[in-house]
Amino acid sequence: MLSREEFVNTIVELLRKAETELEEDVLDAIRSAEKKESGVAKLILQSILRNVEIAREKRVPMCQDTGIPVIFLEVGREAELNFDIYEASKEAVAKATELVPLRPNAVHPLTRENSGNNTGINVPVVHCRVVEGDEIRVAVMPKGAGSENVSKQMMLLPGDAMRIEDFVVDAVREAKGKPCPPVFVGVGIGGTFDESAVLAKRALLRDVRKMNEFERNILEKVNELGIGPMGLGGKITALAVLVEIAHCHTASLPLAVNIQCWANRRAFAVLKA
Amino acid sequence: MKTGYVSGDINDTADKKDEEIKARRIDVKGNCRIFAKLKVREVVYLTGTLVTARDKAHMRAVRLLKEGRKEEIPEELFEYPIYHCGPLLKGEKIISAGPTTSARMNPYAPALLRETSCPVIIGKGGMCEEVLKLLSDRGCYLTFPGGAGALAAESIKCVKRVYWEDLGMAEAVYVLEVENFGPCIVTADSRGRKV
């Protein structure tokens with residue numbers, strides 16, 4: 001049986017890892033962009049790569065906006081748990097805030113009062129689903145505000161599938177330099193209003209080097225925008241476009257675009273339960 | 001209260017690390033003229049004093065100005081480069097301190113700039129025309145690579161003073177002593193040119 005302590009410590013370590021190290025697929029994407037750019041755009045990407053190195057060596061968060069923690073859980077239906085995973089996730093985030101440390105970012109949405117430890121009403125955000133097996137798969141994604149603030153959602157008409165590409169490109173165009181480009185673009189198509197947004201975020205967990213033709217086509221259009229690193233112009237505005245889909249009501253076509261900064265911070269673990 | 005300009009001297013014209021881009025090192029001291037001389041796409045590394053301010057500090061400063069309580073505003077905000085940044089601290093030490101999105105400060109920056117001689121704003125994403133116009137009379141707007149918090153923290157030698165800690169870690173005003181803080185890219189200059 002998985003102990004609460006082991007679960008909590010795993011989340012703390014995953015948060016530390018996500019904040020201080022980039023996964024190889026994300027690094028590959030930034031490195032290859034650096035080779036393609038020149039001038040100021042190249043200098044920015046070199047600074048970003050140097051920053052990632054310093055963060056890993058010194059074990060400090062690569063960005064001061066350590067984000068709002070989003071936790072994805074896939075709980076095997078045979079897994080034995082004798083604790084509340086939502087409460088344990090909350091405890092882990094509070095602990096990580098002190099240990100990593102994380103900047104206290106969580107505030108009450110109306111009073112703007114800061115809770116001081118990145119937890120609060122319905123925070124951390126935990127997306128949980130039950131799957132086959134006896135393992136618990138954990139992914140954490142600290143999400144910064146710069147990129148989250150320019151994310152977009154739209155309920156398209158059922159016959160508007162051809163508008164999807166333009167909507168995604170427009171979202172990146174309007175965002176300009178704000179989300180710290182080059183960005184990763186998570187897209188959720190279908191499902192319901194809420195599910196499309198979760199799909200868009202979940203897409204960002206995928207290996208960013210593996211895109212299908214549909215995704216590569218949108219990426220090409222996004223990069224024609226010429227926004228470039230930090231919005232100062234360049235060939236690379238986005239490093240990947242990642243699309244997840246779900247069946248939806250015959251009368252609707254939900255669409256969500258979750259923009260992620262170059263620091264597509266996430267970390268994964270599999271726990272035996 | 002001191003309201004004189006902050007000086008700067010160009011003391012290096014080439015950065016050996018980057019062959020394609022010429023970078024300048026600037027000492028931020030007592031006269032702002034140097035920032036007005038910079039041109040768009042130039043790259044600079046700053047040494048001297050910077051002062052951080054983001055959303056809540058701007059709101060408070062503007063409120064105090066309106067209420068005629070100017071003397072309660074941190075004096076450094078009147079004469080040193082303003083850095084849009086909400087740092088991450090471990091104890092007393094800043095460990096990550098990249099820029100935050102400057103556009104959020106658009107509604108507050110004009111009132112503050114009109115009352116100060118702040119020579120330059122450092123942030124990311126650029127600012128509105130009104131702010132850039134006010135800045136162009138005295139200096140320029142600099143972009144620091146977004147998200148490069150660990151890199152920025154490397155060049156922070158110490159925190160000289162902290163104001164308004166009640167606003168929280170990210171929103172307090174920190175007076176920083178920096179060395180070779182950069183790369184800072186000129187993205188709006190005194191002639192109204194911008195990237």
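Letters A, B, ... mirror the listed sequences (proteins, then strands); counts begin at 1. Hydrogens, waters and symmetry mates are skipped; everything else that's a heavy atom, side chains included, is used.
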* To do: Taking the side chain as every heavy atom from C-beta outward, state whether S96(B) and V60(A) have any pair of such atoms under 4.5 Å apart.
  => no
* To do: Would you mind reporting whether D65(A) and T100(B) have side-chain heavy atoms less than 4.5 Å apart?
  =>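 SC-SC contact between T100(B) and D65(A) ruled out.
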Does [atom1] belonging to [X] count more than 12 external heavy atoms closer than 6.0 Å?
{"X": "K157(B)", "atom1": "NZ", "result": "yes"}
{"X": "K221(A)", "atom1": "NZ", "result": "no"}
{"X": "K178(A)", "atom1": "NZ", "result": "no"}
{"X": "R209(A)", "atom1": "CZ", "result": "yes"}
{"X": "E224(A)", "atom1": "CD", "result": "yes"}
{"X": "K160(B)", "atom1": "NZ", "result": "yes"}
{"X": "N122(A)", "atom1": "CG", "result": "no"}

[X] side, atom [atom1]; [Y] side, atom [atom2] - distance, nearest 0.5 Å:
{"X": "L151(B)", "Y": "L49(A)", "atom1": "CG", "atom2": "CG", "value": "11.0 Å"}
{"X": "E171(B)", "Y": "N114(A)", "atom1": "CD", "atom2": "CG", "value": "8.5 Å"}
{"X": "T20(A)", "Y": "I95(B)", "atom1": "OG1", "atom2": "CD1", "value": "10.0 Å"}
{"X": "R59(A)", "Y": "K90(B)", "atom1": "CZ", "atom2": "NZ", "value": "9.0 Å"}

Go through the atoms of [X] and report whether side chain, backbone, both or neither lie under 4.5 Å from a heavy atom of chain A.
{"X": "I94(B)", "value": "neither"}
{"X": "K194(B)", "value": "neither"}
{"X": "I185(B)", "value": "side chain"}
{"X": "A97(B)", "value": "backbone"}

* Considering all heavy atoms of both residues, which atom of C180(A) and which atom of G146(B) are nearest to each other, and what is their separation? ->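 Looking at all heavy atoms of both residues, the shortest contact is SG-CA, 3.5 Å.
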Considering only distance and modelled atom types, tabulate donor-acceptor pairs under 3.5 Å from the side chains of residues 61-68 of chain B, sequence neighbours left out.
from, atom 1, to, atom 2, distance (Å)
E67(B), OE1, R69(B), NH1, 2.4

Please answer whether the main-chain N or O of [Y] pairs with a side-chain N or O of [X] as donor and acceptor at a distance below 3.5 Å.
{"X": "R41(B)", "Y": "L232(A)", "result": "yes"}
{"X": "K124(B)", "Y": "M230(A)", "result": "no"}
{"X": "Q64(A)", "Y": "G86(B)", "result": "no"}

* Structure fact -> Checked A152(B), C85(B), A170(B), A153(B) vs chain A; the most non-hydrogen pairs under 4.5 Å come from A170(B)
* **Options A148(B), P145(B), G125(B), ranked by heavy-atom pairs under 4.5 Å with chain A, top entry** =>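 If we count pairs closer than 4.5 Å to chain A, A148(B) comes out on top.
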* Portion of L45(A) that has a non-hydrogen atom of chain B nearer than 4.5 angstrom -> neither
* Using non-hydrogen atoms and a 4.5 Å limit, figure out which bit of A55(A) sits close to chain B: side chain, backbone, both or neither. =>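 For A55(A), heavy atoms of backbone and side chain both lie under 4.5 Å from chain B.
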What residue in [options] has the most heavy-atom pairs under 4.5 Å with chain B?
{"options": "G146(A), G231(A), P61(A)", "answer": "P61(A)"}
{"options": "A145(A), G233(A), P101(A), P181(A)", "answer": "P101(A)"}
{"options": "E53(A), K58(A), K176(A)", "answer": "K58(A)"}
{"options": "V100(A), N149(A), N51(A)", "answer": "N51(A)"}

* What residue among L43(A), I44(A), V40(A) forms side-chain contact (heavy atoms from CB on, under 4.5 Å) with P183(B)? -> L43(A)
